[in-house]
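Note that this is a predicted model, so its numbers are computed, not measured. Just so you know, ligand 1 is whichever comes first in the structure, and atom 1 is the first atom listed for that ligand. One is the number of the first residue; the rest follow in order along the sequence.
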Amino acid sequence: MEFLRYRIDPFGRWMMREELVERVAAAGVVGAGGAGFPTHVKVNASVETVIVNGAECEPLLYKDKELLRLESDRLLEAVRLVKEAMGASRGVVAFKEKKANLEAVRIYREKTKEYSGIECFLLGDYYPAGDEVLLVYDVTGKVPPFGGLPLDVGAMNSNVETFLWIGDAYEGKPVTEKWLTMAGEVRKPVTIKVPVGTPFKDCLAAAGGATCTDFGILSGGIMMATVVGLDDVVTKTTGGYVLLPKDHFAYQRKTQERPIYDKIGKSCCDQCMYCTEFCPRYLVGHPIEPHRVMRSLGLSGPGKDIETQWAQACIHCGVCGLFACPELLSPHEISWDARAHLAEKGFRPEKTPAKAHPMYEFRKIPLKRLTARLALQEYDVPAHFEPIEVKPERVILKMKQHAGAAAVPVVGAGDSVTVGTVVGRIPEGALGANVHASIDGIVESADERAVIIRRN
Ligand code: SF4
Ligand code: SF4
């Protein structure tokens, strides 16, 4: 099937898939939706369906909705490019049919008529519609196997922003900017575009500052967010910052420490199984049962090991603990810890076919209910894009802001760089991504962790 790699590009020129793969690798494109998987590996395959993941189901985030609305022409050209390069017969722009996307629904219904084999696919407003296994199942009717990839069922999916980066890469432009949403306790909830490596404080200034003094910061939304400090910097996977008062219910849940949730879980879990019954990966037929992982807390020896294995398919989506559990326990954290423990012990999942549960369609969690459960209604307001110029004095470019090996710095202190200069390269033969200067300036320092550039 070697001929599949040879296609005509959107401009009528002959191209090879290798050409796209090389350009995407050179440009440092990674999954912008959070995982940071190097995209040149993803596009180097043949599939039937390519899917733009515009679901954006984290409460309060807006950047994908804004990209869908404002960058439709570039996005559709990128879909056509990837579809052709991967030999796909179907290109899908998937996003939610909700008030915030009304304009996007109109735009894509109209514009996809001009693109052969490309359609828009409307999802319900539920969480986590953007999980790649659920999305691929919803769009294709096939469940990617546990331990496998969407590729195993003939699909490739990536975030909206990643597709735009692929289009840019094909035109020779590396990844140097990031769209993100500022939400929660900020004066002006807003979506902005900033240089990669921008410090959090510059993003906060663009949103008019904080509206409370004792706030905590969640990077990437709420459900799958990580708690970060004031010194955080924007990476290629930063989807947004949500500021919450430190005594807010959701922030308290996100920051509970392991000895506490282990202790409470051990004594309070009544094995009601709600966590399992609502687990999205359980509902697509993957081998995961968080109530059994909870049971492992009270066991030792072989029994504990057996029950712990029911965490192997956990993606840390948070549904079990932050929505389903009536006791407000933390099966999401306990399953995630257990999965990490299995990985440390060298456990490697075997690829196993999966079949969706008959209740799959009926246990989707409406985002409105999730937002209410997390007491976030007061922050649930539009955060539209504003072309605010964010010009940080210095950027900190992490050498590892993607899955795989860290990039190796190829500049040193005192070097002069301009936007797009390669400052970190993928190590020879490794999975990884290049890193580029995002401002013009002088390299202040460079080591295996980061390259710091001070603006000229
Ligand atoms: S939902 Fe909560 S109480 Fe019920 S089994 Fe799961 S962790 Fe235990
Ligand atoms: S966090 Fe909970 S609901 Fe989500 S995949 Fe893991 S066990 Fe399932």
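The part of I288 lying near ligand 2 is the side chain, judged by heavy-atom distances below 4.0 Å. Only the side chain of P290 comes within contact range of ligand 2, with a heavy atom under 4.0 Å; no backbone atom does.
Those atoms of ligand 1 that come under 4.0 Å of a heavy atom in E327, given as number and element, are 3 (S). Close approach of ligand 2 to C320 (heavy-atom distance below 4.0 Å) involves ligand atoms 1 (S), 2 (Fe), 3 (S), 7 (S). For ligand 1, the atoms lying closer than 4.0 Å to a non-hydrogen atom of D270 are 3 (S), 4 (Fe). Within ligand 2, the atoms closer than 4.0 Å to a non-hydrogen atom of G318 are 1 (S), 4 (Fe), numbered from 1 in the order shown. Those atoms of ligand 1 with a heavy atom of M294 less than 4.0 angstrom away are 7 (S). Residue H291 approaches ligand 1 through these ligand atoms, each under 4.0 Å from one of its heavy atoms: 5 (S). In summary, the atoms of ligand 2 found under 4.0 Å from a heavy atom of I315, numbered by their order in the structure, are 5 (S), 6 (Fe). Distances below 4.0 Å separate heavy atoms of P280 from the following atoms of ligand 2: 3 (S). Atom numbering of ligand 2 starts at 1 in the shown order; those under 4.0 Å from a heavy atom of H316 are 1 (S), 6 (Fe). The ligand atoms of ligand 2 that sit less than 4.0 angstrom from a heavy atom of H332 are 1 (S).
Here the heavy atom of the protein found nearest to atom 8 (Fe) of ligand 2 is C279 SG, 2.3 Å. Closest to atom 4 (Fe) of ligand 2 among all protein heavy atoms lies C317 SG, 2.3 Å. Distance from atom 2 (Fe) of ligand 1 to its nearest protein heavy atom, with residue and atom name: C325 SG, 2.4 Å.
Taking each of S330, A338, C314 in turn, the one with a heavy atom nearest to atom 6 (Fe) of ligand 2 proves to be C314.
Checked for salt-bridge contact, R90 and E119 meet the test: a charged N lies under 4.0 Å from a carboxylate O. Of the charged side-chain nitrogens involved, none lies within less than 4.0 Å of a carboxylate oxygen, so that K63 and E66 do not count as a salt-bridged pair.
Taking the side chain as every heavy atom from C-beta outward, W165 and K236 approach each other to under 4.5 Å. At least one side-chain heavy atom of V105 sits under 4.5 Å from a side-chain heavy atom of F95.
Distances from atom 8 (Fe) of ligand 1 show that C269 has an N/O/S atom below 2.8 Å. At least one N, O or S atom of C272, from either the backbone or the side chain, sits less than 2.8 Å from atom 4 (Fe) of ligand 1.
Looking at T276 and R292, their side chains never bring a donor and an acceptor atom within 3.5 Å of each other. No hydrogens or angles considered: nothing links the side chains of Y137 and D131 as a donor-acceptor pair under 3.5 Å. Using modelled atom types and a 3.5 Å distance limit, the side chains of T238 and K178 yield no donor-acceptor pair. For the 3.5 Å distance criterion, the side chains of S89 and E48 fail to qualify, holding no donor opposite an acceptor.
Under the 6.0 Å distance and 45° angle rule, K65 counts as a cation-pi partner of Y62.
Separating the OH atom in Y127 from the CZ atom in R373 is a distance of 14.0 Å, to the nearest 0.5 Å. Within the model, atoms CD of E97 and CG of L123 stand 9.5 Å from one another, a figure rounded to the nearest 0.5 Å.
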